[in-house]
Amino acid sequence: MEDTNKSCFLCGASDCDGIILNGEKICKACEEKIVNTNVEDPDYDYYKDNVRIILFSEHA
Ligand SMILES: [Zn+2]
């Protein structure tokens, strides 16, 4: 059973709505950041790298 009360993997926010991606929580704010951040944005690498970590890390 997924723990939806986990804190956000990216910003650490708790008590927020979000999605569970490969066992890690991403809050709505970060999800929107990921979607809306483009390649020229300085934050792009940060989000891209963290999403990659989530997607390619192994969770039981
Ligand atoms: Zn977040």
Side-chain angles (χ1 to χ4, degrees):
M1 185 167 156
E2 301 279 19
D3 180 5
T4 52
N5 291 318
K6 286 177 80 137
S7 51
C8 175
F9 182 81
L10 291 174
C11 70
S14 51
D15 304 331
C16 51
D17 285 336
I19 56 168
I20 301 290
L21 190 63
N22 198 18
E24 296 294 349
K25 172 90 169 279
I26 295 180
C27 74
K28 265 266 181 278
C30 288
E31 185 192 346
E32 276 176 29
K33 276 252 186 188
I34 291 165
V35 172
N36 294 319
T37 303
N38 65 40
V39 194
E40 283 121 59
D41 195 300
D43 288 336
Y44 180 83
D45 282 341
Y46 173 79
Y47 286 108
K48 187 192 63 185
D49 286 349
N50 277 288
V51 168
R52 191 185 290 140
I53 288 166
I54 294 171
L55 289 176
F56 292 96
S57 59
E58 306 223 341
H59 293 277

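For the atom pair CD1 of I20 and NZ of K6, the computed distance is 6.5 Å after rounding to the nearest 0.5 Å.
Around atom CG of D17, no more than 12 heavy atoms belonging to other residues, nucleotides or ligands sit under 6.0 Å away.
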Subject >> Trace of the side-chain contact (heavy atoms from CB on, under 4.5 Å) decision for F56 with N22 >> reply: CA-CA 9 Å; F56 292 96; N22 198 18; over 6 Å; no

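Grouped by direct or indirect side-chain proximity (heavy atoms under 4.5 Å, Ile/Leu/Val/Met/Phe/Trp/Tyr only), Y44 sits with V39.
Hydrophobic clustering keeps V35 apart from L21 (ILVMFWY residues linked when any side-chain heavy atoms are closer than 4.5 Å, directly or through intermediates).
Between the K28 side chain and the I19 main chain, no donor and acceptor come within less than 3.5 Å of each other.
For residues 39-48, the set of pairs meeting the salt bridge (charged side-chain N to carboxylate O under 4.0 Å, His left out) definition, not counting sequence neighbours, comprises K33-D43, D45-K48.
The salt bridge (charged side-chain N to carboxylate O under 4.0 Å, His left out) test applied to D15 returns no partner, not counting sequence neighbours.
Counting heavy atoms from C-beta on, the side chains of I34 and L10 come closer than 4.5 Å. At least one side-chain heavy atom of I26 sits under 4.5 Å from a side-chain heavy atom of I54. Using a 4.5 Å heavy-atom cutoff, the side chains of S14 and K25 are not in contact.
The heavy-atom pair separating C27 from C8 by the smallest distance is N-SG, 3.5 Å.
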